[in-house]
There are 2 protein chains.
Amino acid sequence: MDKEYELLLLENQVCFPTYAVANKILRRYQPLLKKLNLTYTQYVTMMVMWEKEAVNEKDLVKALYLKANTLTDLLRKLEKKGYVQIARSEKDKRNIVIRLTDEGRKLKDAAISVPKTLIDEHWLTDDEVKTYKELLYKLLKGDWEK
Amino acid sequence: MDKEYELLLLENQVCFPTYAVANKILRRYQPLLKKLNLTYTQYVTMMVMWEKEAVNEKDLVKALYLKANTLTDLLRKLEKKGYVQIARSEKDKRNIVIRLTDEGRKLKDAAISVPKTLIDEHWLTDDEVKTYKELLYKLLKGDWEK
DNA sequence: ACAAATTATATCGTATGCGATATAATTTAG
DNA sequence: CTAAATTATATCGCATACGATATAATTTGT
């Protein structure tokens with residue numbers, strides 16, 4: 001019985017420090033991203049756009065591990081800021097195609113300052129980062145959702 | 001120059017999988033917590049309460065790595081549900097003391113089903129969990145915030 | 001060919017976390 | 001001893017993520 005209650009100790013959770021670290025990272029990014037006029041999720045979305053130039057919303061959802069409804073509003077905001085352009089696909093009118101604009105492409109150079117600043121803070125050693133990311137991606141790809 | 005742009009690839013980020021895993025874990029917990037009438041943050045807050053029985057809001061903030069304003073509303077909701085009792089400290093009237101109620105204590109037995117269910121899903125091996133948690137706590141305790 | 005199932009997106013309501021700011025209680029300085 | 005600084009909490013407004021649900025376009029099954 002006592003053994004069972006141990007399952008409910010904060011220190012024995014995997015979820016708790018994951019969630020707390022995510023929030024802490026977010027808090028660190030926000031002031032830096034403010035200068036780019038981007039929120040955190042807009043920033044990672046732009047990372048995909050900088051890499052791919054154009055994507056379906058559906059592929060973006062997969063790439064970002066989010067739900068489609070989370071992206072809908074976000075993309076409209078990025079469009080409003082002029083960083084992307086949104087259109088229905090001709091081939092399959094259900095699909096939304098998001099395209100990087102010149103304005104969005106320009107933002108990339110300013111954005112480099114963000115990882116540059118943070119990399120110097122050495123939160124973890126290179127080896128630790130490698131291990132940490134492997135574990136995170138194992139969790140992300142794991143089949144235990146829903 | 002190309003080297004610099006690599007800093008902006010999604011796959012090279014530490015923040016991105018952390019955030020994505022946190023969301024994924026949240027999505028996994030939510031249906032289980034619904035049965036307890038708790039949200040995720042209320043759940044981890046209750047973990048502290050089950051362990052400590054009574055705490056200052058200020059200590060709770062530290063334990064949960066949150067900001068005080070995030071807890072204010074949350075605690076009121078837990079009070080409304082009857083799981084905790086909230087009162088100003090006599091010693092220092094700035095302090096809020098949160099106390100577990102009988103109702104809240106009762107919830108603990110029902111709550112055990114949550115970690116019991118999830119532990120069987122083996123998201124990571126025991127060794128991996130150990131490493132993962134060490135890295136998370138290194139990040140959590142790191143001094144790079146603000 | 002056409003009804004039923006599936007897919008991609010949108011809408012709505014709820015919960016969260018946070019920064020900025022305000023306020024009340026306590027501590028510190030001079 | 002009192003004015004100023006600090007501490008603990010509260011309030012407000014914003015951004016996010018999601019589930020449930022709805023809708024339009026496409027695919028499927030017969």
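Keep in mind the model is a prediction, meaning the values are calculated, not measured. Residue numbers begin at 1 in each chain, while the letters A, B, ... track the order of the sequences.
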*Transitive ILVMFWY side-chain link A:Tyr137 to B:Val21, under 4.5 Å*: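 Looking at the clustering, B:Val21 is in the same group as A:Tyr137.
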*Between A:Thr41 and A:Leu66, is a side-chain contact (heavy atoms from CB on, under 4.5 Å) present by the stated rule, with each step listed?*
CA-CA 10 Å; A:Thr41 320; A:Leu66 291 169; 3.8 Å; yes
*State the CD-CG distance between B:Gln30 and B:Leu38, to the nearest 0.5 angstrom.*
12.0 Å
Among [options], which nucleotide has an atom closest to any side-chain atom of [X]?
| X | options | answer |
| --- | --- | --- |
| A:Lys34 | C:dA20, C:dA10, C:dG17 | C:dA20 |
| B:Asn23 | D:dT16, D:dA17, C:dT16 | D:dA17 |
| A:Lys93 | D:dA10, C:dT9, D:dT26 | D:dT26 |
| A:Gln42 | C:dA10, D:dT16, D:dG19 | D:dT16 |
| B:Asp92 | C:dA25, D:dT9, D:dG19 | C:dA25 |
| B:Arg94 | D:dA25, C:dA25, C:dT16 | C:dA25 |
| A:Tyr19 | C:dT9, C:dG17, C:dT11 | C:dG17 |
| B:Ile96 | C:dT9, D:dT9, C:dG17 | D:dT9 |
| B:Asn95 | D:dT16, D:dT9, C:dT11 | D:dT9 |

To the nearest angstrom, how far is [X] atom [atom1] from [N] atom [atom2]?
| X | N | atom1 | atom2 | answer |
| --- | --- | --- | --- | --- |
| A:Gln30 | D:dA15 | CD | P | 11 Å |
| B:Leu60 | D:dA10 | CG | P | 12 Å |
| A:Leu71 | D:dA15 | CG | C1' | 14 Å |
| A:Leu64 | C:dT9 | CG | C1' | 16 Å |
| B:Leu75 | D:dA8 | CG | P | 16 Å |
| A:Leu38 | D:dC14 | CG | P | 19 Å |
| B:Asn37 | C:dA15 | CG | C1' | 13 Å |
| B:Leu26 | D:dG19 | CG | P | 9 Å |

*Please work out if B:Thr41 contacts a base, only the sugar-phosphate, or nothing of the nucleic acid, heavy-atom cut-off 4.0 Å.*
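B:Thr41: backbone/sugar contact only, no base atoms under 4.0 Å.
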*Assign A:Thr39 to base, sugar-phosphate, or nothing according to its heavy-atom contacts below 4.0 angstrom with the strands shown.*
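Sugar-phosphate only.
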Give a yes/no answer on whether the side chain of [X] brings an N or O atom under 4.0 Å of OP1 or OP2 in [N].
| X | N | answer |
| --- | --- | --- |
| B:Arg76 | D:dA10 | yes |
| A:Lys58 | C:dA8 | yes |
| A:Thr72 | C:dT9 | no |
| A:Lys77 | D:dT16 | yes |
| A:Thr70 | D:dA17 | no |

_Can you say whether a donor on the side chain of B:Asn69 sits under 3.5 Å from an acceptor on the base of C:dG19, or the other way round?_
yes
*Distance only, no hydrogens: is a donor on one side chain within 3.5 Å (strictly under) of an acceptor on the other, for B:Gln42 and B:Lys81?*
yes
*For DNA chain D, whose closest nucleotide is more 5', that of A:Ser89 or that of A:Leu66?*
A:Leu66
*Any ion pair linking B:Lys130 and B:Asp127 (charged N to carboxylate O, less than 4.0 Å)?*
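Result for this pair is no, no salt bridge flagged.
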*Can you say whether the rings of B:Trp123 and B:Tyr29 are parallel (under 30°), tilted (30 to 60°) or perpendicular (over 60°)?*
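Rings of B:Trp123 and B:Tyr29: perpendicular, over 60°.
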